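Working notes, beginning with the structure itself.
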Number of protein chains: 2
Amino acid sequence: MTKKATATWRMTDALAAKLVSFEGKVRARRFAEGEQLYRQDEINTCFYFIKSGLVQVSIFRRDGTEVVLENMGPNALCGEGSAFDGLPRFSTAVAVEPTEALEFDTARIESLMRADPELALAMLRLTSLKQRILALRLEHLVSNDPEDRILELLRRLSQMFAIDHERGRKIITHLTHEQIASMTGTSRVTVTRTMGRLREKGMLFIEDGFTILANEVDS
Amino acid sequence: MTKKATATWRMTDALAAKLVSFEGKVRARRFAEGEQLYRQDEINTCFYFIKSGLVQVSIFRRDGTEVVLENMGPNALCGEGSAFDGLPRFSTAVAVEPTEALEFDTARIESLMRADPELALAMLRLTSLKQRILALRLEHLVSNDPEDRILELLRRLSQMFAIDHERGRKIITHLTHEQIASMTGTSRVTVTRTMGRLREKGMLFIEDGFTILANEVDS
DNA sequence: ACCCGGTCGTATCCGGCGATACAGCGCGCC
DNA sequence: GGCGCGCTGTATCGCCGGATACGACCGGGT
């Protein structure tokens, strides 16, 4: 029941390799637990490639509630959204574990891209992936059915982190019901209720703290 | 009460100019009303810059319901999401008016970007903007309050299309309640109910078919 | 004039989610 | 060991949005 490794996002190894190759050419940074990489509403032009640690990216709503967008683990990129369009950041990123990251500055990215034209393509592929994930989350959030919302999250985790298991795909990321609630826009109670129902239906199993998504449910 | 000009998205002029400058270097295409630019689940590598016309981008859910992502009007880009990551398209784009577009192929984009390094940067700025819009929609979709969901849409339209008006910002895009419902994940009935409430509260006015968003509501 | 399709307004009913409260439980910490 | 904290499982209740149905209105077409 390791509490660690709760990441909910990562990129393909090829893209990660491309970004890692800039080690030495960009600033290396370390963030302590609880330190912010960037904060909602501020304007700056940096984005971060996470080498190790864990960063929670979330939006704080007017009413004070927090919407968790992702937990970015090793080999994830964050902050590139507001780094490029020059508008205030729409999310906040805080390290929930000690974190090592590479800091790219879009003010200097042009010269980096000139030196390595593949960087631009890699970035585009990556932002495209993020766009896809966001659109799919949207698709399921318009539904008010919590089962739908939660299954979408589990399927995504299954694709990104799960390993094969006799009864399905074992998701090696552990999220509390409260975290799931905050990512799916439901209440904590509804998450347990819904996951209970899913278990009864045989779409889901719990084994020593890990969630197993039945194959036939796995899209 | 023109029925036309129902676009819900456009980009800044500077970015549009950059893409228009490729006229002649990429394929020009025309789509008849009802024709599809691309279809959900298929794989291909093209994306489109819309010169004139109107294209509806939507996701069809398993249960048959349709989630409208955007109505792309002149100076909008669509399809770049699945063009770059090589995965099946997550949305369908169909021309709802006769449409002229420039067709970019990511298979050839590398040479285009080499010829004009600014293209990559323009694309990144654009996908970043889309990421922002999607994230903000997400922020409000997690809320189950229809008022919240609908105001988010209206604010966005206000920023993109509205003109100043004595009582607020006049949104020159006309959407039916049904379209709003499909974009906000509520029912048609709830949209009229909610907009009625907003009108009573003085946050909203209707004038010859156009919606006016009161200034103090305009974020 | 007539019909008709699309849109907006409104009523009723039902189901299910959110809020709240509380009980069991595992784990870590003093 | 004992205590406390965070997580999970349930119960109750109130409220509100979805489904459905129906009527009014408007514009276009024949």
Side-chain angles (χ1 to χ4, degrees), chain A residues 1-6 56 61 63-68 71 96 140-154 171 173-201 204-212, chain B residues 1-4 6 33 56 61 63-68 71 96 140-154 171 173-201 204-212:
Chain A
M1 181 88 124
T2 35
K3 260 306 170 41
K4 305 300 181 181
T6 61
Q56 183 175 75
R61 309 184 71 236
D63 61 14
T65 57
E66 179 181 9
V67 181
V68 176
N71 286 317
V96 292
H140 292 273
L141 276 180
V142 300
S143 156
N144 291 314
D145 179 13
E147 201 162 299
D148 196 340
R149 293 180 173 212
I150 291 169
L151 278 179
E152 191 272 339
L153 175 61
L154 293 179
I171 299 173
T173 290
H174 180 74
L175 295 173
T176 68
H177 289 184
E178 189 120 27
Q179 286 175 302
I180 296 176
S182 146
M183 296 185 75
T184 55
T186 57
S187 73
R188 200 275 306 168
V189 177
T190 300
V191 172
T192 62
R193 268 201 292 238
T194 305
M195 289 187 73
R197 260 207 311 272
L198 291 174
R199 243 183 322 179
E200 280 175 17
K201 290 194 208 170
L204 209 71
F205 314 98
I206 304 287
E207 206 174 272
D208 44 72
F210 292 108
T211 303
I212 295 159
Chain B
M1 183 90 121
T2 35
K3 262 305 172 41
K4 307 299 181 180
T6 62
E33 183 175 336
Q56 182 175 78
R61 310 183 69 236
D63 60 15
T65 57
E66 179 181 9
V67 181
V68 176
N71 285 319
V96 293
H140 293 273
L141 276 179
V142 301
S143 156
N144 290 316
D145 180 12
E147 201 162 301
D148 197 340
R149 293 181 173 213
I150 291 170
L151 278 179
E152 192 270 340
L153 175 60
L154 293 179
I171 299 174
T173 291
H174 181 74
L175 295 173
T176 68
H177 290 184
E178 188 120 30
Q179 285 174 303
I180 296 176
S182 146
M183 296 185 75
T184 55
T186 56
S187 73
R188 201 273 309 167
V189 178
T190 300
V191 172
T192 67
R193 268 200 294 238
T194 305
M195 292 187 72
R197 260 207 311 272
L198 292 174
R199 244 181 322 177
E200 280 174 18
K201 290 195 207 168
L204 208 70
F205 314 98
I206 305 287
E207 207 173 274
D208 44 72
F210 291 108
T211 302
I212 296 160

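Letters A, B, ... mirror the listed sequences (proteins, then strands); counts begin at 1. Every value quoted in this text rests on a predicted model; they were computed, and no experiment measured them. In what follows, every heavy atom counts, from backbone to side chain, and hydrogens, waters and symmetry copies are set aside.
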Degree of bending in the helix from C/dA1-D/dT30 to C/dC30-D/dG1 once both end axes are built from five pairs, to 10°: 30°

Could you go through nucleotides 15-21 of chain D and list every protein N or O atom that sits under 3.5 Å from one of its N or O atoms, giving the distance for each pair?
unit_1: D/dG18; atom_1: OP1; unit_2: A/N144; atom_2: ND2; d: 3.3
unit_1: D/dG18; atom_1: OP2; unit_2: B/S187; atom_2: N; d: 3.4
unit_1: D/dG18; atom_1: OP2; unit_2: B/S187; atom_2: OG; d: 3.2
unit_1: D/dG18; atom_1: OP2; unit_2: B/T190; atom_2: OG1; d: 2.3
unit_1: D/dG18; atom_1: N7; unit_2: B/R193; atom_2: NH2; d: 3.3

Starting at atom [atom1] of [X], determine the distance to atom [atom2] of [N], rounded to an integer number of angstrom.
X: B/L198; N: C/dG9; atom1: CG; atom2: P; result: 12 Å
X: B/F210; N: C/dC8; atom1: CZ; atom2: P; result: 14 Å
X: B/E178; N: C/dG6; atom1: CD; atom2: P; result: 10 Å
X: A/I150; N: D/dT8; atom1: CD1; atom2: P; result: 12 Å
X: A/L204; N: D/dG9; atom1: CG; atom2: C1'; result: 15 Å
X: B/I206; N: C/dG9; atom1: CD1; atom2: P; result: 8 Å
X: B/M195; N: C/dT7; atom1: CE; atom2: P; result: 15 Å
X: B/L175; N: C/dG6; atom1: CG; atom2: C1'; result: 16 Å

Assess the residue pair B/I206 and B/T211 against the criterion (side-chain contact (heavy atoms from CB on, under 4.5 Å)); give the C-alpha distance rounded to whole Å, side-chain angles, the decisive distance to 0.1 Å, and a yes or no. CA-CA 5 Å; B/I206 305 287; B/T211 302; 3.9 Å; yes

Any donor-acceptor N or O pair under 3.5 Å, side chains A/S143, A/D145: no

So A/R199, base contact, sugar-phosphate only, or nothing? Heavy-atom distance under 4.0 Å. sugar-phosphate

Please tabulate, one pair per line, all N/O donor-acceptor pairs under 3.5 Å involving side-chain atoms of residues 189-200 of chain A, not counting sequence neighbours.
unit_1: A/T190; atom_1: OG1; unit_2: A/S187; atom_2: OG; d: 2.9
unit_1: A/T192; atom_1: OG1; unit_2: A/V189; atom_2: O; d: 2.8
unit_1: A/T194; atom_1: OG1; unit_2: A/T190; atom_2: O; d: 2.7

Show the nearest heavy-atom pair for residues [X] and [Y], with the distance to one decimal.
X: B/L141; Y: B/T184; value: CD2-O, 3.4 Å
X: B/R149; Y: B/T186; value: CD-CG2, 4.0 Å
X: A/R188; Y: A/A181; value: N-CB, 3.7 Å

May I have the step-by-step check of side-chain contact (heavy atoms from CB on, under 4.5 Å) for B/L153 and B/I180, ending in yes or no? CA-CA 8 Å; B/L153 175 60; B/I180 296 176; 4.0 Å; yes

Would B/V142 and A/T65 count as a side-chain contact (heavy atoms from CB on, under 4.5 Å) here? Give the steps. CA-CA 11 Å; B/V142 301; A/T65 57; over 6 Å; no

If you count every heavy atom of other residues, nucleotides or ligands that lies below 6.0 Å from A/E178 atom CD, does the total exceed 12?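 No, the 6.0 Å shell around CD holds no more than 12 heavy atoms from other groups.
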
